[in-house]
Amino acid sequence: QQNSKSIKTRTNESKAFFLSPFTSHITATMSNYKNFVQVGRVCSINFGDQEGKLCTIIDIVDQSTALVDGPADLTGVARQQINLKRLNLTQFRLPIGRGVRPGTLKKAAQKFDLVNKYNNTAQAKKLARQQKRLALTDFERFQVMVTKKAKNHQIRREAAKIKRAGKK
């Protein structure tokens with residue numbers, strides 16, 4: 001009997017050992033996360049014909065769907081239900097209530113200066129860069145390639161000079 005008690009104690013100790021780092025890790029990770037799916041959260045659409053446009057969560061329909069609105073005058077997104085997988089959450093949140101009217105949303109977005117603030121984010125700049133590259137013609141892509149090759153050639157030449165100077 002004494003032997004079985006010591007085994008139970010060891011088992012309990014090992015469980016406590018494995019559980020405490022895991023739970024503290026989850027707590028530490030979740031406390032750093034700030035962009036939750038919530039009313040007023042500004043999102044960008046990542047799929048479909050409205051890809052790249054901004055919208056604001058007006059209401060949460062269920063676990064995987066939200067009611068969003070642009071407002072349509074500013075962003076071009078009309079009020080609609082959309083799957084959460086098609087939304088990229090941003091760091092911005094408008095101070096609005098649940099199910100607000102389009103006019104109230106528009107005023108809040110204008111007061112917050114939403115479009116300009118979003119255009120200054122890294123996410124928006126990356127999207128603009130991608131759109132610009134997609135719009136290039138064949139000749140413009142060729143010019144970009146030639147310029148890159150010339151720049152890289154200059155870098156390699158200067159690096160080789162520095163390397164040769166270091167050996168002497």
Side-chain angles (χ1 to χ4, degrees), residues 15-152 154-155:
K15 282 182 183 177
F17 174 76
F18 287 113
L19 288 178
S20 69
F22 182 72
T23 53
S24 64
H25 172 71
I26 289 175
T27 306
T29 305
M30 290 304 287
S31 65
N32 293 333
Y33 189 72
K34 304 272 189 279
N35 298 338
F36 297 107
V37 176
Q38 56 191 354
V39 173
R41 178 67 59 189
V42 178
C43 308
S44 67
I45 299 175
N46 62 22
F47 185 80
D49 58 339
Q50 296 179 332
E51 183 176 0
K53 294 184 179 180
L54 283 180
C55 63
T56 306
I57 296 178
I58 303 301
D59 197 1
I60 298 167
V61 178
D62 60 22
Q63 190 172 349
S64 62
T65 311
L67 180 67
V68 298
D69 194 352
D73 299 343
L74 298 177
T75 64
V77 178
R79 189 169 287 217
Q80 60 184 309
Q81 285 186 16
I82 193 164
N83 194 320
L84 293 177
K85 291 180 182 179
R86 295 184 178 203
L87 296 176
N88 288 337
L89 303 177
T90 66
Q91 64 193 14
F92 304 116
R93 181 170 184 256
L94 295 179
I96 57 171
R98 182 173 164 251
V100 296
R101 295 178 179 179
T104 309
L105 177 64
K106 182 180 176 182
K107 287 177 187 174
Q110 287 173 339
K111 183 178 179 183
F112 190 73
D113 196 23
L114 176 65
V115 177
N116 289 333
K117 284 185 179 180
Y118 176 73
N119 287 335
N120 291 327
T121 63
Q123 180 183 11
K125 290 176 183 176
K126 179 180 177 182
L127 188 62
R129 216 172 29 249
Q130 289 173 347
Q131 295 298 324
K132 186 176 180 181
R133 280 203 168 171
L134 285 174
L136 291 179
T137 64
D138 187 41
F139 183 66
E140 290 168 335
R141 283 193 299 274
F142 172 75
Q143 287 177 320
V144 169
M145 180 198 67
V146 170
T147 307
K148 276 185 175 181
K149 285 176 75 171
K151 181 186 80 168
N152 289 333
Q154 285 287 63
I155 291 171

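- Between Arg41 atom CZ and Ile60 atom CD1 the span is 10.5 Å, to the nearest 0.5 Å.
- Around the NZ atom of Lys117, the shell of radius 6.0 Å holds more than 12 heavy atoms that belong to other residues, nucleotides or ligands.
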One pair to check against side chain to side chain contact (heavy atoms under 4.5 Å, CB included): Leu87 and Leu84. What are the steps and the verdict? CA-CA 5 Å; Leu87 296 176; Leu84 293 177; 4.0 Å; yes

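- Judged by distance alone, the side chain of Arg133 and the main-chain N or O of Arg141 form no donor-acceptor pair under 3.5 Å.
- Within the model, atoms CD1 of Ile57 and CD1 of Ile96 stand 9.5 Å from one another, a figure rounded to the nearest 0.5 Å.
- When all heavy atoms of Val39 and Gly97 are compared, the closest pair comes out as CG1-O, 3.5 Å.
- For residues 79-90, every residue pair satisfying the side-chain hydrogen bond (donor to acceptor under 3.5 Å, both in side chains) rule, not counting sequence neighbours, is listed here: Asn46-Asn88, Gln50-Gln80, Asp69-Arg79.
- In this structure, the separation between OG1 on Thr121 and CG on Asn116 is 11.5 Å, given to the nearest 0.5 Å.
- Between the side chain of Tyr118 and the backbone N or O of Asn120 there is no donor-acceptor pair closer than 3.5 Å.
- With rounding to the nearest 0.5 angstrom, the CG atom of Leu105 is 10.0 Å from the CD atom of Gln110.
- For the pair Ser44 and Gln123, the tightest heavy-atom approach, listed with the atom from each and the gap, is OG-NE2, 3.2 Å.
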Do Cys43 and Ile45 pass the side chain to side chain contact (heavy atoms under 4.5 Å, CB included) test, and can you show the C-alpha distance, the side-chain angles, and the key distance before you say yes or no? CA-CA 7 Å; Cys43 308; Ile45 299 175; over 6 Å; no

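- The CG atom of Leu54 sits 9.5 Å away from the CG atom of Leu74 when rounded to the nearest 0.5 Å.
- For the pair Val144 and Thr147, the minimum side-chain heavy-atom distance is 4.5 Å or more.
- Across all non-hydrogen atoms, the minimal contact from Ala108 to Leu94 is O-CD2, 4.1 Å.
- To the nearest 0.5 angstrom, Gln130 atom CD is 5.5 Å from Lys126 atom NZ.
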